[in-house]
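Input: a single structure, listed below in structure tokens.
Note: hydrogens, waters and symmetry copies are ignored here, and every other heavy atom, side chains too, is used. Because the structure is a prediction, the values reported are computed rather than measured.
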Amino acid sequence: MPVTPENAAAPALTGDCANCFGLCCVALPFAKSADFAVNKPSGTPCRNLQEDFRCGIHTELRTRGFSGCTVYDCFGAGQKVSQVTFGGQDWRTAPGTAQQMFDVFPVMRQLHELLRYLTEALSLRATRSIHADLRRALEKVERLTEGGPEELAALDVAAERAEVNVLLLKTSSLVRATAGRKTKSRRGADLIGAKLRGADLRGADLRGALMIAADLKGADLTLADLIGVDFRDADLSGADLTGSLFLTQPQVNAAKGDAATRLPKGLSRPAHWTR
């Protein structure tokens, strides 16, 4: 089914673990750190992955040292690879397909992330002048996701991202202009641990900024471009993120917040946030 603004919240663009073969728990590597309790190379099943492809400690991930798992979302790539690309044939019963499946999964994840951003851009009134271009781009990426394993593995994802990024930049410019003010670009800025409590960041360009452990309590981030911002351990308590651009659930999950934090429509308040 083609992705459109009307079905933007559909499960197609969010992870559905029940229809996935635990691909993020196998295909992806992780290193022992504050986010993961152990080292795991790519292609090796996580020790917590059960025979039914479910996580054995799903409700205890944070307390057991796997907080990194709680901030990850495949944007629906897992079930797409499992049920469409490989037709429901899992890597355990067909081990010959395992490596190919693990190689395709990260590619599909990037394509689904692009679908997520394009769908959001299409839903915005400020982007009406480029809706035709956005729709064409979305339809192209959707077609790419329907390719076979060989096509997907050989895909130049960087080139596809660069092509879509041109439209996402136009989207950002059009939306942020509605804030009615000029703002200094903080694209890619190092704002680790920055003291930004109560900061007026309306319409700011924060693309790719490092805001790890930043104090953003009560900050106004409405209409700000937040694509790729690293919000790990940033404190968003009382912050207003309504109308912000390209904010995803994984970014929200990585941050701290409270009941007063205002989120864009479609994003959920993480269970670990304070009430």
Side-chain angles (χ1 to χ4, degrees), residues 13 28 30-31 33-35 67-68 71-75 77 106-107 109-122 124 126-127 130 134 137 141 156-179 181-197 199-216 219-236 239-257 261 263-264 266-267 270:
L13 294 180
L28 307 180
F30 51 73
S33 61
D35 297 319
S67 60
V71 304
Y72 181 80
D73 185 10
C74 69
F75 299 110
V107 174
R109 200 266 185 187
Q110 291 190 66
L111 293 176
H112 269 240
E113 184 179 14
L114 294 181
L115 289 177
R116 159 70 174 75
Y117 293 142
L118 287 167
T119 300
E120 179 178 342
L122 264 170
L124 304 171
T127 62
I130 60 170
L134 288 167
V141 176
D156 186 345
V157 185
E160 297 302 328
R161 292 187 73 96
E163 187 175 320
V164 170
N165 191 51
V166 173
L167 290 173
L168 300 185
L169 286 169
K170 288 181 180 179
T171 295
S172 176
S173 180
L174 290 168
V175 172
R176 290 185 296 105
T178 64
R181 62 204 297 262
K182 289 186 177 181
T183 58
K184 179 182 177 181
S185 174
R186 299 194 183 189
R187 187 181 301 181
D190 184 349
L191 297 171
I192 297 175
K195 306 301 181 184
L196 295 168
R197 182 178 297 209
D200 185 354
L201 297 170
R202 288 173 296 151
D205 182 356
L206 292 166
R207 286 179 144 244
L210 299 176
M211 306 190 85
I212 302 168
D215 181 359
L216 289 159
D220 189 345
L221 291 150
T222 55
L223 300 176
D225 185 343
L226 303 179
I227 195 169
V229 174
D230 192 337
F231 278 124
R232 281 178 293 169
D233 292 324
D235 195 336
L236 297 172
D240 188 354
L241 296 99
T242 55
S244 60
L245 268 177
F246 306 131
L247 181 66
T248 65
Q249 193 65 52
Q251 288 172 289
V252 173
N253 292 348
K256 299 175 182 176
T261 305
L263 295 172
L267 296 182

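- One distance of note links CG of Leu263 with CG of Leu247; it measures 7.0 Å at 0.5 Å rounding.
- With salt bridges taken as basic N to acidic carboxylate O contacts below 4.0 Å, one links Asp205 and Arg187.
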TODO: Kindly determine whether Leu210 and Leu191 satisfy side-chain contact (heavy atoms from CB on, under 4.5 Å), including the steps that lead there.
DONE: CA-CA 5 Å; Leu210 299 176; Leu191 297 171; 5.9 Å; no

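- Between the side chain of His112 and the backbone N or O of Phe75 there is at least one donor-acceptor pair closer than 3.5 Å.
- The shortest side-chain heavy-atom distance between Val229 and Phe246 does not fall under the 4.5 Å cut-off.
- With hydrogens and angles ignored, the 3.5 Å screen pairs no side-chain donor or acceptor of Glu163 with any backbone N or O of Glu160.
- In this structure, the side chains of Leu241 and Thr261 come closer than 4.5 Å at one or more pairs of heavy atoms.
- In plain terms, the two heavy atoms of Val71 and Pro250 that are nearest each other are O-CB, 2.9 Å.
- Around the CZ atom of Arg186, the shell of radius 6.0 Å holds no more than 12 heavy atoms that belong to other residues, nucleotides or ligands.
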TODO: Let me see the working for Leu245 and Leu223 under side-chain contact (heavy atoms from CB on, under 4.5 Å), right down to the final yes or no.
DONE: CA-CA 6 Å; Leu245 268 177; Leu223 300 176; over 6 Å; no

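- Side-chain N or O atoms of Thr183 include one that pairs as donor or acceptor with a backbone N or O of Gly203 at under 3.5 Å.
- Taking CG of Leu115 as the reference point, atom CG of Leu122 lies at 11.0 Å (rounded to 0.5 Å).
- In this structure, the separation between OG on Ser244 and CG on Leu226 is 4.5 Å, given to the nearest 0.5 Å.
- Taking CD of Gln249 as the reference point, atom CG of Asp73 lies at 7.5 Å (rounded to 0.5 Å).
- The two residues Pro270 and Asn253 have their closest heavy-atom pair at CG-OD1, 3.4 Å.
- The side-chain heavy atoms of Met211 and Leu196, taken from C-beta on, include a pair separated by under 4.5 Å.
- Residues Leu206 and Leu221 are in side-chain contact: their nearest non-hydrogen atoms beyond the backbone lie under 4.5 Å apart.
- Contact annotation: the side chain of Phe231 never approaches that of Ile212 to less than 4.5 Å [non-hydrogen atoms, C-beta and beyond].
- No side-chain heavy atom of Phe30 sits less than 4.5 Å from a side-chain heavy atom of Asp35.
- The shortest distance between side-chain heavy atoms of Arg161 and Val157 falls below 4.5 Å.
- How far CG of Asp220 is from CG of Asp240: 5.0 Å, rounded to the nearest 0.5 Å.
- With a 4.5 Å cut-off on side-chain heavy atoms, Lys256 and Asp233 count as touching.
- A side-chain donor-acceptor contact under 3.5 Å links Thr171 to the backbone of Leu167.
- Remark: the backbone N or O of Ala121 is paired with a side-chain donor or acceptor of Thr127 at under 3.5 angstrom.
- Side chain of Ser33 to main chain of Ala31: a donor-acceptor pair is present (N/O by atom type, distance under 3.5 Å, no hydrogens or angles).
- Residues Asn165 and Arg207 bring a donor and an acceptor atom of their side chains to less than 3.5 Å of each other.
- Interatomic distance, Asp235 CG to Arg197 CZ, rounded to the nearest 0.5 Å: 7.5 Å.
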